[in-house]
Amino acid sequence: MATSKDPTERTINICEAAGKQRYRNNAIALKAARRHSKAAGKRLGTYACEHCKGWHIEG
């Protein structure tokens with residue numbers, strides 16, 4: 001029996017120090033930055049966070 005995950009039950013990791021969404025690695029953060037860049041109409045980048053050991057979108 002296959003079970004499907006409900007997309008509304010996804011959790012978003014937020015870095016307490018930066019107050020931004022945390023991404024596990026740079027590739028995922030860059031993909032999200034590209035997606036958000038189109039919506040924002042400007043180029044966004046990524047940076048590594050020392051506090052959560054993850055990546056965030058900057059711009």
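None of these values were measured; they are calculated from a predicted model.
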Sequence neighbours excluded and cut-off under 3.5 Å, please list the side-chain donor-acceptor pairs for residues 28-38, or say none.
unit_1 : atom_1 : unit_2 : atom_2 : d
Ser37  : OG     : Ala33  : O      : 2.7
Ser37  : OG     : Lys42  : O      : 3.4
Ser37  : OG     : Leu44  : N      : 3.1

Original post:
What's the verdict on side chain to side chain contact (heavy atoms under 4.5 Å, CB included) for Cys15 and His56, showing C-alpha distance, side-chain angles and the deciding distance?
Top reply: CA-CA 9 Å; Cys15 173; His56 301 297; 3.2 Å; yes
**OP:** Go through the steps for Tyr23 and Ile57 under the test side chain to side chain contact (heavy atoms under 4.5 Å, CB included), then give the verdict.
**Re:** CA-CA 9 Å; Tyr23 297 93; Ile57 296 175; 3.7 Å; yes
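Minimum interatomic distance between Trp55 and Thr46 (heavy atoms only, all atoms of both residues): CE3-OG1, 4.1 Å. When all heavy atoms of Glu58 and Lys20 are compared, the closest pair comes out as CA-NZ, 4.3 Å.
Between the Arg24 side chain and the Gly54 main chain, no donor and acceptor come within less than 3.5 Å of each other.
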